[in-house]
Amino acid sequence: MGATAAAAAAEYTEESPYRFRIARRDPMRVDGVVFASRELLRDAERSLQQVVNVATLPGIVGASYAMPDIHWGYGFPIGGVAATDVEAGGVVSPGGVGFDISCGVRLLAADLDRRGLAPELGAVMDGLGEVIPRGAGPGGVWQVRGPAELEKIMAGGSRYAVEQGHGDERDLRRCEDGGAVAGADPEQVSGRARERGLGQVGSLGSGNHFLEVQQVAEVYDDAVARAFGLAAGQVCVMIHCGSRGLGHQICSDHVRAMDRAMARYGITVPDRQLACAPVDFPEGRAYLGAMAAAANYGRANRQLLAEAARRIFRRETGARLSLVYDVSHNLAKTEEHPVDGERRRLCVHRKGATRAFPPGHPELPEELRDAGQPVLIPGTMGTSSHVLTGVPGGAAFHSTCHGAGRVMSRHQAARAIGGRELRARLESDGVAVRSASWRGLAEETPEAYKDVTEVVAASEGAGLCRRVARLIPLGVVKG
DNA sequence: ATGTAC
C-alpha cells in the first residue's frame with residue numbers, strides 16, 4: 001500500500017540553510033520545497049516521494065512544501081502544505097488534511113504561577129483526571145441531546161458552545177476563524193459519521209492527544225509573549241485533540257467518493273491515497289462542507305474541554321484561565337495569496353502544518369495585530385512545548401511546523417518501556433500523570449519521538465516563524 | 001489519528 005515508489009528516492013539540492021528543493025520533472029507540475037535541517041531531512045528521505053507525488057495534483061501552485069517535521073502519511077506527508085488555484089481547476093484532497101480533521105491545539109494561561117499552583121497540583125490533576133474524558137471509544141463532557149444538537153455543533157463550533165454558556169465572547173476572538181469555519185454542510189456528513197460523533201463531544205481521544213498543565217519555562221520575546229498573555233513561570237493548560245470518530249469517518253467516506261469520481265473526471269494521481277476532486281465540482285464541494293463540519297466539531301471539542309479545565313482550576317485554586325489561542329494543524333482553507341504577482345483564491349491544504357499569520361494580518365484580532373498569530377506546538381509527553389509567532393514574508397502560504405514526528409513505532413515504544421515504569425519516571429521528574437491505559441502511555445514515551453526543539457529551531461531557521469516561549473509540563477492527562 | 005479491517 002502507500003505510494004507507488006516506482007521512482008528512486010527524490011533528488012534534492014540545498015538552496016539555502018534549512019531550505020531544500022526537489023526540481024520539477026514529469027509528471028510533477030511544480031517543484032518540491034522542504035524546510036528542514038540536514039539531520040531532520042536525512043530522517044525523512046523516504047517521505048520525499050510523497051512531496052513529489054503531491055506536486056502532480058491538478059491546479060497546484062507555488063511548490064509542494066514540507067515542514068521540518070515531515071514524516072510519512074496517508075497520501076500527503078504529515079508536515080505537507082499544498083495550495084491549488086480554485087479558478088484553474090484546482091483540487092481538494094482529503095489526504096491533504098488527514099484523518100483527524102481539524103486536529104489542533106488550544107492554550108490557556110492561568111493568573112497563577114508555578115509556586116502558587118504547587119500545593120494544589122495533586123488536587124488539580126485528580127480533578128482533571130476525573131472530568132476529562134479520554135481514551136478510545138465513546139465518552140464526552142457533553143451529552144448531546146440528539147441529531148439536531150449535533151448539527152448545531154457542526155455548524156457553529158466553539159461559537160455554539162459559547163452560546164450555550166460554555167465560555168465567553170473573548171474566547172472566540174482568540175480562536176482561528178472566530179471559533180467556527182464558514183461553509184459547514186452537515187448534509188454531507190454520513191449517518192455513520194454522526195453516530196460516531198454523537199457520544200464524543202468534549203473528549204481527548206488517544207494517541208498523542210493530551211491535556212497538560214504546563215509552566216512557561218523560557219521567554220524568547222518579552223513583548224510578543226506579553227501580547228499573547230504569557231510570562232515566565234506562569235501556569236498554562238494546553239489541549240491537543242481533534243474531531244474523533246466523526247472526522248475519521250468523514251475522511252473515509254469522502255476518500256471513497258473521490259476515488260470513484262476521479263475516473264469520471266479523467267484525473268490521474270500517482271497514489272490512490274491522493275484521491276481528489278476539483279474544489280468547484282460536486283465531490284469537492286461535498287468534502288469541503290463535511291470537512292468544515294468536522295472542523296467545527298473539533299473546535300467545540302476543545303472549547304468544552306477548556307471549560308472543564310477552567311472549572312477544576314477555579315474550584316481547586318481559585319485561578320482563572322484565559323485563552324491564548326486555538327489553532328488547527330489539519331485543515332484545508334480557502335485563502336487569497338499572491339501567485340506570480342496576482343492575488344488568487346487558493347485551497348491551502350495544511351496537514352501536520354500550522355497557519356502562521358504575520359503581524360499586521362487583517363484576520364488577526366486587534367490585540368494580536370502587532371504580535372502576529374500565536375502558533376502552538378505541542379511537544380512530546382514530558383518534554384517541552386513551544387509558542388511561536390508568524391513572520392512577515394513567511395513562505396509556504398504562511399505555514400510552519402506542528403510538532404515532533406515519531407521515530408519509533410507504537411509497538412517498538414511499548415517494547416522499550418512499560419507504562420507503570422514510565423509513569424514512575426515521569427513522576428520522579430516532577431510530572432504528574434493521569435492516563436487512561438498503561439499501554440497507551442508506553443506508546444507515547446518521549447524516546448519514541450524526535451526532539452520538538454530541533455523541529456522548532458529548523459522552522460525558525462527557515463524563516464517560517466519566530467520563537468516566543470517554551471513551556472514544560474507539570475502534569476499530563478492522556479488517552 | 002481511528003469502535004487500529006468490510
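Residue numbers start from 1 in every chain, and the chains themselves are labelled A, B, ... in the order their sequence lines are given, proteins ahead of strands. Both backbone and side-chain heavy atoms feed into the values below; hydrogens, waters and symmetry mates do not.
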Using a heavy-atom cut-off of under 4.0 Å over every strand shown, decide if [X] touches base, sugar-phosphate, or nothing.
{"X": "Gln200(A)", "value": "sugar-phosphate"}
{"X": "Gly207(A)", "value": "sugar-phosphate"}
{"X": "Arg439(A)", "value": "nothing"}

Can you check the [X] [atom1] to [N] [atom2] distance for me, whole Å?
{"X": "Arg192(A)", "N": "dA5(B)", "atom1": "CZ", "atom2": "P", "value": "13 Å"}
{"X": "Gln249(A)", "N": "dT4(B)", "atom1": "CD", "atom2": "C1'", "value": "14 Å"}
{"X": "Ile250(A)", "N": "dT2(B)", "atom1": "CD1", "atom2": "P", "value": "14 Å"}
{"X": "His209(A)", "N": "dT4(B)", "atom1": "NE2", "atom2": "P", "value": "16 Å"}
{"X": "Leu204(A)", "N": "dT2(B)", "atom1": "CG", "atom2": "P", "value": "10 Å"}
{"X": "Glu444(A)", "N": "dT2(B)", "atom1": "CD", "atom2": "C1'", "value": "14 Å"}
{"X": "Tyr74(A)", "N": "dT2(B)", "atom1": "OH", "atom2": "C1'", "value": "13 Å"}
{"X": "Arg244(A)", "N": "dT2(B)", "atom1": "CZ", "atom2": "C1'", "value": "9 Å"}

Checklist entry - OP1, OP2 of dT2(B) versus side-chain N and O of Ser206(A): anything below 4.0 Å? => result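 Yes, Ser206(A) has a side-chain N/O under 4.0 Å of OP1/OP2 on dT2(B).
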* Asked: Does OP1 or OP2 of dT4(B) have a side-chain N or O of Arg410(A) closer than 4.0 Å?
  ->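 So the side-chain polar atoms of Arg410(A) never come under 4.0 Å of the phosphate oxygens OP1 or OP2 of dT4(B).
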Decide whether Arg106(A) and Gln303(A) meet the rule of one side-chain donor and one side-chain acceptor closer than 3.5 Å.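 There is such a pair between these side chains.
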Aromatic rings His402(A) and His71(A): how do their planes relate, parallel, tilted or perpendicular, breaks at 30° and 60°?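 It falls in the parallel class, under 30°.
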Just say parallel, tilted or perpendicular for the rings of Phe20(A) and Tyr12(A), cut-offs at 30° and 60°.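 It falls in the perpendicular class, over 60°.
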**Q.** Listed partners of Ser203(A) passing side chain to side chain donor-acceptor pair (under 3.5 Å), at least two apart
**A.**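 Ser203(A) satisfies side chain to side chain donor-acceptor pair (under 3.5 Å) with Arg244(A) once adjacent residues are dropped.
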